[in-house]
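Residue numbers start at 1 and run along the sequence shown. From a predicted model like this one, the values you see are computed outputs, not experimental measurements. Just so you know, ligand 1 is whichever comes first in the structure, and atom 1 is the first atom listed for that ligand.
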Amino acid sequence: MSTSTPLPSTPAGKHALVYGGSITGLIAAGVLSRHFEHVTLVERDHFEHGPQARKGVPQASHAHSLLTRGLNVLDEVFPGFREDLKAAGGLILDMTEQHAWYMGGVWVPRGRIGLDFTCQSRPLLEWVIRQRLQALPNVTVRDGREVAGFQTSADKARVTGVRLQVPGGGQEETLEAGLVVDASGRGSRAPQWLEALGYPRVEESHIHIDVRYATRIYHRPRGFEPGWEILSISPRLPEQRKVGTIQRIEEDRWLVMLGGWLGEGPSPADDADFLEFARGLPQPHLYEALRNAEPLGPIHHYRFPHNQRRHYERMSRFPEGLAVMGDAFCSFNPIYGQGMTTGALQAQALGECLRQGLSGVAQRYRRQVGKLLQVPWSMATTGDLRIPEVEGRRPPGFALTNWYGDRFQRLATQNPEALRTFMRVMHMVESPAAMASPRTLLEVLTTWHASDPQRYAPKPMTVASNQPT
Ligand SMILES: Cc1cc2nc3c(=O)[nH]c(=O)nc-3n(C[C@H](O)[C@H](O)[C@H](O)COP(=O)(O)OP(=O)(O)OC[C@H]3O[C@@H](n4cnc5c(N)ncnc54)[C@H](O)[C@@H]3O)c2cc1C
């Protein structure tokens with residue numbers, strides 16, 4: 001926690017229980033360990049020792065970028081987290097210094113911008129957080145157990161605990177808790193369980209995008225020095241829909257992700273299509289780097305059907321003692337890289353709500369999260385809704401917002417201050433309002449130099465086929 005916000009001297013309660021031991025649940029348990037005498041984290045999977053992919057997080061084989069704001073929250077909850085991640089093999093880079101990024105039809109200018117960006121596999125990130133959590137003396141981790149339902153008070157006005165079981169059935173046990181946090185991901189069953197208890201069904205917003213991911217790990221070729229550690233080719237929506245990235249990760253490997261909107265992605269039926277797809281990206285650099293590189297494993301495919309937001313903040317009645325968090329509350333198009341950071345911010349918001357005590361925390365928290373989600377939800381869906389085939393209501397002023405956003409992006413390729421603001425907004429360390437300050441507004445409206453889109457392009461480089469790896 002930051003030194004400016006002192007911790008409560010008396011705990012808010014005796015026992016809190018978090019279920020779902022992925023990124024959100026781990027951070028939530030870390031936050032709650034400061035507010036409760038004891039915290040239990042329940043996870044359906046068995047945790048292996050070390051950074052391992054597991055069944056409950058099928059997205060873990062794919063590229064996971066942690067925004068600067070998310071990294072900052074992790075450092076607050078687990079002081080020294082950056083150092084731990086580095087010690088485990090993760091890289092912490094400056095967002096625009098070691099990142100060659102083709103975005104919106106232009107290469108982004110390179111140079112230090114002061115925003116940290118991490119490069120590691122998703123299992124490594126989760127493993128480093130888990131180790132920090134397990135080192136806390138008042139946290140117990142119960143893996144290989146799933147939550148099968150809520151326990152409530154007789155009048156059902158309060159969730160008082162959960163029913164636990166070995167996955168798939170078996171004898172149940174109950175665990176009481178003053179606060180239960182559902183961090184069980186997109187497939188959370190809280191909507192059904194609450195409905196069965198007599199609460200209204202939570203409203204959901206969906207925006208269908210049919211995003212595809214295909215990811216493969218490669219050896220990072222020795223002697224190949226292109227001047228970047230991350231290479232990203234992002235499309236200029238709506239005309240282009242393909243995306244690709246190479247990220248250096250631990251153990252000197254490359255994690256290569258290819259995919260896109262509305263079904264764009266390498267065919268799962270044909271491994272050769274991976275490289276062919278890379279060749280079809282709007283710039284040649286990724287294909288050039290990859291075509292002779294040596295793969296280390298299979299291609300993993302993932303299909304993400306829709307953005308999903310559950311409006312718990314709108315429910316007319318909601319029990320005390322329960323907080324829904326992370327993907328269980330809202331799950332975004334992964335291409336924008338907001339999921340883990342938004343989960344971390346919700347965990348932090350719960351901590352803030354607990355400063356006023358346990359009483360009423362469920363109501364304060366869900367309303368606060370409803371507000372907190374507005375920015376990332378609108379950032380993700382404004383991008384997606386630019387594609388005409390993506391169905392959904394365009395908010396008033398949608399065309400104007402996009403027009404302004406495009407001009408701002410173009411200004412950012414010419415003006416370092418605008419670039420810094422743009423990146424800070426994207427990394428959620430600054431509000432989008434910063435892009436519309438009176439001075440910026442004037443600059444955006446009066447500057448329109450057609451900049452050379454290739455000005456900051458790295459030289460395309462090919463890995464020599466006989467290169468030692
Ligand atoms: C392809 C892809 C790429 C992504 N890339 C990024 C990215 O670059 N950056 C980013 O920030 N986000 C990204 N995301 C989103 C990110 O993966 C999630 O936002 C993040 O994992 C946080 O989710 P969570 O912890 O809320 O839930 P999840 O990660 O879904 O975890 C839920 C956990 O709950 C457990 N569980 C489920 N039910 C029960 C139960 N009944 N009892 C006990 N345990 C249970 C599961 O086993 C699992 O461990 C990506 C997502 C996808 C699909």
Side-chain angles (χ1 to χ4, degrees), residues 17-29 40-47 52-71 73-74 117-123 125-126 129-130 141-150 162-168 175 180-190 192-193 209 211-215 230 232 243 245 247 255 257-259 265 300-308 310 324-347 376 380 426-428:
L17 181 140
V18 179
Y19 67 99
S22 174
I23 303 290
T24 303
L26 294 168
I27 303 174
T40 305
L41 176 78
V42 178
E43 165 55 44
R44 180 187 279 151
D45 285 345
H46 280 287
F47 286 137
Q52 305 283 339
R54 54 190 181 82
K55 193 172 159 215
V57 190
Q59 73 270 33
S61 312
H62 298 276
H64 268 72
S65 310
L66 180 62
L67 303 181
T68 310
R69 181 78 183 274
L71 180 61
V73 174
L74 272 163
F117 188 74
T118 71
C119 283
Q120 76 292 302
S121 68
R122 159 72 201 245
L125 180 65
E126 192 179 302
I129 305 174
R130 198 160 77 230
V141 173
R142 295 201 56 189
D143 57 343
R145 291 285 181 283
E146 72 179 358
V147 167
F150 299 136
V162 297
R163 289 185 284 115
L164 278 192
Q165 64 180 24
V166 173
L175 218 50
V180 170
V181 174
D182 170 9
S184 65
R186 226 175 127 87
S188 156
R189 292 173 62 203
Q192 295 91 320
W193 293 345
I209 45 178
V211 158
R212 307 287 171 99
Y213 266 58
T215 300
I230 318 172
S232 303
V243 60
T245 174
Q247 259 188 39
L255 187 149
M257 173 270 171
L258 298 170
H300 298 274
H301 293 269
Y302 196 99
R303 192 170 168 187
F304 185 90
H306 53 261
N307 293 289
Q308 171 176 292
R310 298 197 169 111
V324 180
M325 194 176 282
D327 281 18
F329 207 128
C330 186
S331 135
F332 308 92
N333 178 349
I335 290 176
Y336 304 111
Q338 299 167 312
M340 298 187 294
T341 296
T342 309
L345 289 172
Q346 290 169 54
M426 184 175 277
H427 280 261
M428 294 172 73

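- If you check each of R122, R142, H64 against atom 21 (O) of ligand 1, the one with the closest non-hydrogen atom is R122.
- Heavy-atom contacts of I23 reach the following atoms of ligand 1: 25 (O) (cutoff under 4.0 Å).
- Taking all heavy atoms of G337, P334, A347, G187 into account, the minimum distance to atom 2 (C) of ligand 1 is reached by P334.
- Counting protein heavy atoms only, atom 47 (O) of ligand 1 is closest to E43 OE2, 2.6 Å.
- A donor-acceptor pair under 3.5 Å links the side-chain atoms of Q346 to the main chain of G326, judged by distance alone.
- The main-chain N or O of Q338 is found under 3.5 Å from a side-chain atom of T342 such that the two form a donor-acceptor pair.
- Listed by number with element, the atoms of ligand 1 under 4.0 Å from a non-hydrogen atom of T24 are 22 (C), 23 (O), 24 (P), 25 (O), 26 (O).
- For ligand 1, the polar-atom distance check finds no N/O of Y213 at less than 3.5 Å from any of the ligand's N/O atoms.
- Contact check for L66 versus L74: side-chain heavy atoms found under the 4.5 Å cut-off.
- With ligand atoms numbered from 1 in the order given, ligand 1 contributes 27 (O), 30 (O), 32 (C) to contacts under 4.0 Å with heavy atoms of G185.
- Below 4.0 Å from some heavy atom of G326 lie the following atoms of ligand 1, by number and element: 26 (O).
- Side chains of Q120 and T118: a donor on one and an acceptor on the other come within 3.5 Å.
- Remark: the backbone N or O of N307 is not paired with any side-chain donor or acceptor of N333 at under 3.5 angstrom.
- Scanning all protein heavy atoms for the shortest distance to atom 34 (O) of ligand 1 gives G20 CA, 3.2 Å.
- More than 12 heavy-atom neighbours from other residues, nucleotides or ligands sit within 6.0 angstrom of CZ on R186.
- The ligand atoms of ligand 1 that sit less than 4.0 angstrom from a heavy atom of E146 are 42 (N), 43 (C).
- The protein non-hydrogen atom at the shortest distance from atom 52 (C) of ligand 1 is Q59 CB, 3.5 Å.
- Annotation for V180 and F150: closest pair CG1-CE2, 4.4 Å, computed over non-hydrogen atoms.
- Between R54 and E43, the shortest heavy-atom distance links the atoms NH1-OE2, 3.1 Å.
- Considering backbone and side-chain atoms alike, V147 places an N or O below 3.5 Å from some N or O of ligand 1.
- In terms of protein heavy-atom proximity, atom 37 (C) of ligand 1 is nearest to S184 O, 3.4 Å.
- The single protein non-hydrogen atom nearest to atom 45 (C) of ligand 1 is R44 CB, 3.9 Å, given as residue, atom name and distance.
- Listed by chain and number, the residues in a side chain to side chain donor-acceptor pair (under 3.5 Å) with R212 are D210 (sequence neighbours excluded).
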Let's go through V181 and L17 carefully: what are the C-alpha distance in whole Å and the side-chain angles of both, what is the deciding distance for side chain to side chain contact (heavy atoms under 4.5 Å, CB included) to 0.1 Å, and is it a yes or a no? CA-CA 6 Å; V181 174; L17 181 140; over 6 Å; no
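- Taking CZ from R122 and CD1 from I23, the interatomic distance works out to 4.0 Å, rounded to the nearest 0.5 Å.
- Evaluation of the side chain to side chain donor-acceptor pair (under 3.5 Å) rule for S61 yields no partner, not counting sequence neighbours.
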Starting from the C-alpha separation in whole Å, work towards a yes-or-no answer on side chain to side chain contact (heavy atoms under 4.5 Å, CB included) for E126 and L26. CA-CA 8 Å; E126 192 179 302; L26 294 168; 3.7 Å; yes
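- Under 4.0 angstrom from ligand 1, the non-hydrogen atoms of A63 all belong to its backbone.
- For ligand 1, the polar-atom distance check against Y302 finds no nitrogen or oxygen pair separated by under 3.5 Å.
- Residue G339 approaches ligand 1 through these ligand atoms, each under 4.0 Å from one of its heavy atoms: 10 (C), 11 (O), 12 (N), 19 (O).
- Residue contacts with ligand 1, taken as heavy atom pairs separated by less than 4.0 Å, involve V57 solely via side-chain atoms from C-beta onward.
- Contact analysis puts A183 in contact with ligand 1, with a non-hydrogen atom separation below 4.0 angstrom.
- Atom CG of L71 sits about 12.0 Å away from atom OG of S65, to the nearest 0.5 Å.
- Every atom of ligand 1 is numbered from 1 in the order shown, and the set under 4.0 Å from a heavy atom of Q338 is 11 (O).
- Residue S22 places at least one N or O, backbone or side chain, under 3.5 Å from an N or O of ligand 1.
- Ligand 1 lies less than 4.0 angstrom from a heavy atom belonging to R54.
- Nearest protein heavy-atom neighbour of atom 7 (C) of ligand 1: S65 N, 3.4 Å.
- Residue contacts with ligand 1, taken as heavy atom pairs separated by less than 4.0 Å, involve M340 via backbone and side-chain atoms alike.
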Would you sort out whether Q308 and D327 count as a side chain to side chain contact (heavy atoms under 4.5 Å, CB included), showing the intermediate values? CA-CA 8 Å; Q308 171 176 292; D327 281 18; over 6 Å; no
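- Nearest protein neighbour of atom 19 (O) of ligand 1, counting heavy atoms only, is D327 OD1, 2.7 Å.
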